[in-house]
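Input: a single structure, listed below in structure tokens.
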Amino acid sequence: MLQTTFIRENRELLLSRLGKRNWQATDLLVIDQIIELDDQRKALQTAHEGLLASRNQLSDEIGQLFKAGQREKAEGLRQEVNELKEKATVLETELKDTLEKLQYALYTVPNMPHESVPAGSTDEDNEVFKDWSGPLPDLGEGAVPHWELAKKYNLFDLELGVKITGAGFPVYRGKGAKLQRALISFFLDEATAAGYEEIIPPHLVNEATATATGQLPDKEGQMYYVAADDLYLIPTAEVPVTNVYRDVILNEEDFPIKMTAYTPCFRREAGSYGAHVRGLNRVHQFDKVEIVQIQHPDRSYDTLYEMLDHVERVLQKLELPYRILRLCGGDLGFTSALTYDFEVYSAAQQRWLEVSSVSNFETFQANRLKLRYRDGKQTQLAHTLNGSALALARIFAALVENNQQPDGIAIPKVLHSYTGFQQID
RNA sequence: GGAGAGAUGCUCGAGUGGUUGAAGAGGCACGCCUGGAAAGCGUGUAUGCGCCAAAAGCGUAUCGAGGGUUCGAAUCCCUUUCUCUCCGCCA
């Protein structure tokens, strides 16, 4: 959520930047509505608090009079205060109403895209920020996609998942399960070696938490919801991990805060079916290691690129062909100011699969989180960032596809100490 | 799940209707003292919002959360959340 003061002070810039998200003139009206509502709010608040101040002052006087034994005088003041209170109640109702409208309007405004965000409306307009320079793997005859490899080598079973739960809930087995666990450990070790504190957060979160990182309101359809306890299954570790710092005031020397977490991620992904979602390409539950940073506003973009480097190094160690995209305005998430996606090449499917998304949210989440730092005498909102390092199901898919050989699947060297085997056969 | 107790500032902890944004202690910061340090002494130490060009300042709200009683609530009432203790259940 953008700050009202920011919107007031940067109206023109905001209007033009929201154009990158393909906002039309009619969409932009909400910005002026917000400023208007905020004007109203200020006027009402000033008037309301003026009445409260009088009330408090008179109440003090009444107290003094009672002590002095001047009951009659006190009774007179009482009448006066009661009249003030009636007026105050009217203003209070109006104020609450205005605040509610303002809040509602603010919730509809997405983050302001960074100046480097390319124009565009769909994922086809994303800019290739760093392309894969080497040759793409050519598996030749007989290469099969990962879902067939899964059957051949007993790596995972989607039909079994259907029996146990439903579509999109893979059951990993045998060396497939071991490989999955190896990848998780490897990713976590890479992150902690880079200075991230490992966190094991809850996998269910309450409404306040989901609101602070921007999943609520509006996107409840994307999360699994446990009605009996009013809790949501996390769609990403970003949600609980970023909320570690909800309602916190940091000192400047606390920056940067670096946290990493492995969690399963649950996404309803309603309405996505078809050939491109076969196998592990899109599932309702997948494993992911997330990296999160909280940084000083002046340094958050350096941090964003540092996080890109981290993801890049991990992919290099896994020896997977990858490219980096800079998301266009139309594809940019609601809460993000700038996002880079990583895609790995899936040689058997001959297509790129998104395996990581690294974003700077600037103050958008921090505003809702009330995550601030002390800047001299005042407090300022911090910047939050996060990225996948990495999302597992698709890494798993690309890994087994690209490394398939006639007699088995070769495990990348870096994972040998984690898997305990060098090949799946 | 049943019974009881509790929730106050960075921490501990006092406070049952009237300068209580909140005693006291600890911590922390700064200053004095010291050759240096400790001890000691002094000062300071919440956040949001509004008024103000801005600072200073002033106002207002906040003692788990929400609502109520009252001229006035940390203090009284209701609802709710959470924590602790005992019992039950249990990986």
Side-chain angles (χ1 to χ4, degrees), chain A residues 1-10 34-107 200-212 216 226-232 240 243-254 257 264 363-382:
Chain A
M1 187 165 67
L2 293 172
Q3 291 176 99
T4 319
T5 47
F6 177 86
I7 293 174
R8 300 183 78 104
E9 287 164 18
N10 301 277
I34 285 170
I35 294 172
E36 238 170 78
L37 283 167
D38 194 45
D39 286 338
Q40 264 179 49
R41 186 215 107 223
K42 284 186 184 188
L44 286 167
Q45 186 179 336
T46 304
H48 180 238
E49 288 184 354
L51 292 176
L52 292 185
S54 311
R55 180 205 65 186
N56 288 344
Q57 208 184 322
L58 289 174
S59 292
D60 277 351
E61 282 177 36
I62 291 172
Q64 300 297 331
L65 289 171
F66 268 119
K67 272 187 189 166
Q70 299 179 273
R71 293 201 148 255
E72 281 169 35
K73 252 187 161 175
E75 288 299 330
L77 283 184
R78 247 190 204 172
Q79 277 304 318
E80 211 178 309
V81 175
N82 278 328
E83 282 166 35
L84 279 179
K85 280 173 71 183
E86 269 176 50
K87 285 187 201 163
T89 309
V90 174
L91 286 181
E92 195 188 351
T93 310
E94 280 181 56
L95 182 60
K96 273 188 180 169
D97 185 54
T98 305
L99 280 170
E100 210 171 286
K101 284 183 187 154
L102 181 60
Q103 185 67 246
Y104 179 81
L106 283 169
Y107 275 143
I200 301 181
H203 298 170
L204 284 89
V205 295
N206 57 32
E207 188 186 331
T209 294
T211 303
L216 294 178
V226 181
D229 297 288
D230 197 18
L231 295 172
Y232 297 86
N243 271 275
V244 167
Y245 283 87
R246 172 147 51 93
D247 254 315
V248 167
I249 300 176
L250 299 163
N251 295 311
E252 285 208 36
E253 60 267 26
D254 295 331
I257 304 234
T363 61
F364 195 88
Q365 293 181 327
N367 190 206
R368 292 198 193 178
L369 289 158
K370 297 196 183 68
L371 166 52
R372 293 155 291 174
Y373 67 96
R374 273 180 223 288
D375 179 19
K377 280 195 169 178
Q378 13 175 0
T379 62
Q380 302 280 352
L381 292 175

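The sequence lines fix the lettering, A, B, ..., with proteins before strands; numbering per chain opens at 1. Excluded from the calculations below are hydrogen atoms, water molecules and symmetry mates; all remaining heavy atoms, backbone and side chain alike, are included.
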Can you identify which nucleotide, out of U47(B), G50(B), C71(B), has its nearest atom closest to the I249(A) side chain? U47(B)
Look through every strand shown and name the nucleotide pairing with G48(B) as Watson-Crick or G-U wobble, where both distances are under 3.5 Å. U60(B)
Who is the Watson-Crick or G-U wobble partner of G1(B), with both distances under 3.5 Å? C87(B)
Partner nucleotide of A7(B) by Watson-Crick or wobble geometry (both distances under 3.5 Å): U81(B)
Any strand is fair game: report the nucleotide pairing with G31(B) by Watson-Crick or G-U wobble, both distances under 3.5 Å, or none. C41(B)
May I ask you to check whether R368(A) and T211(A) show a side-chain donor-acceptor distance below 3.5 Å? no
Partner lookup for A53(B), please. Criteria are Watson-Crick or G-U wobble with both distances under 3.5 angstrom; report none if nothing qualifies. none
Does the side chain of R372(A) get closer than 4.0 angstrom to OP1 or OP2 of U47(B) through an N or O atom? no
Check if the side chain of E49(A) and the base of G59(B) share a donor-acceptor pair of N or O atoms closer than 3.5 Å. yes
Could you state the CG-P distance from N56(A) to A73(B), rounded to the nearest angstrom? 8 Å
From U47(B), C51(B), A61(B), pick the nucleotide closest to the side chain of R55(A)? A61(B)
Any donor-acceptor N or O pair under 3.5 Å, side chains N56(A), S59(A): no
When you measure from the side chain of R374(A), which nucleotide among C49(B), A46(B), G59(B) comes out closest? A46(B)
Side-chain contact check for T379(A): nearest option of U47(B), C51(B), A61(B) is U47(B)
Expected output: side-chain N367(A) to main-chain T363(A) donor-acceptor under 3.5 Å: no
